Amino acid sequence: MNKGLQYALSARIAMATMLVITGVAHFFYTEGMAMMLPDFIPYKMPIVYLTGIIEIIAAIGMLLPKYQNLTGWLVILFFVLILPSNIYSAIQHVNMEAATYEGEGAIYLWYRIPLQLFFIGWVYFSCINQCSISATLDKDSSQ
């Protein structure tokens, strides 16, 4: 029954779509995203643009079999590295879309941190450990 389904590929396509959408958002909500970075970080606007480009490139890399493993590890690293920005923006009540300090605050972290962990797991199991998933599903379907 599972033989025709490609779970890892489907998961990579979904994550790549999310990365493209969030990457493009870096060009529409640049000011708000720059507010998510602490004051001691210079060149905030270029960093926001660069991270948007990185997300779009990562989306492409996830879909190229030759690069999906490396891209998976880099995306996980990226997700870990942006978590402090999310914590900082929650503490500062940054509203990314409106570019104000009237955001949700710490409540944002109650779903953002688990969501970030979910994304890390998603990338790991769809890009890095996807061979194990395929082998398990193939084994189950042959029994």
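When reading the values below, keep in mind they use all heavy atoms of this one structure, side chains included, and skip hydrogens, waters and symmetry mates. Everything quoted here is computed from the prediction, not taken from an experiment.
Listed by chain and number, the residues in a side-chain hydrogen bond (donor to acceptor under 3.5 Å, both in side chains) with Thr30 amount to none (sequence neighbours excluded).
Counting only heavy atoms from C-beta outward, the side chains of Phe119 and Met15 approach each other to under 4.5 Å. Contact annotation: the side chain of Ile128 approaches that of Ile76 to within less than 4.5 Å [non-hydrogen atoms, C-beta and beyond]. For the pair Ile113/Phe118, no side-chain contact is recorded, criterion being any heavy-atom separation below 4.5 Å from C-beta on. Ser85 is listed as a side-chain neighbour of Leu37, based on a closest heavy-atom distance under 4.5 Å.
Listed by first and then second residue, the side chain to side chain donor-acceptor pair (under 3.5 Å) pairs that reach into residues 86-108 are Asn86-Tyr108, sequence neighbours excluded. Within the structure, every pair that satisfies the salt bridge (charged side-chain N to carboxylate O under 4.0 Å, His left out) test and touches residues 41-68, not counting sequence neighbours, is listed here: Asp39-Lys44.
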ask   = Can His26 and Leu50 be said to form a side-chain contact (heavy atoms from CB on, under 4.5 Å), step by step?
value = CA-CA 9 Å; His26 283 69; Leu50 179 63; over 6 Å; no
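In the displayed structure, Phe28 atom CZ is contacted under 6.0 Å by at most 12 heavy atoms of other residues, nucleotides or ligands.
For Ala59 against Ala16, the heavy-atom pair with the smallest separation is CB-O, 3.4 Å. Scanning all heavy atoms of the two residues, the minimum distance from Ala11 to Ser126 falls at CB-CB, 3.5 Å.
A donor-acceptor pair is defined here as one N or O able to donate and one able to accept, closer than 3.5 Å; no such pair exists between the side chain of Arg12 and the backbone of Leu63.
Between Trp73 and Tyr124, the two ring planes are perpendicular [angle over 60°; tilted spans 30° to 60°].
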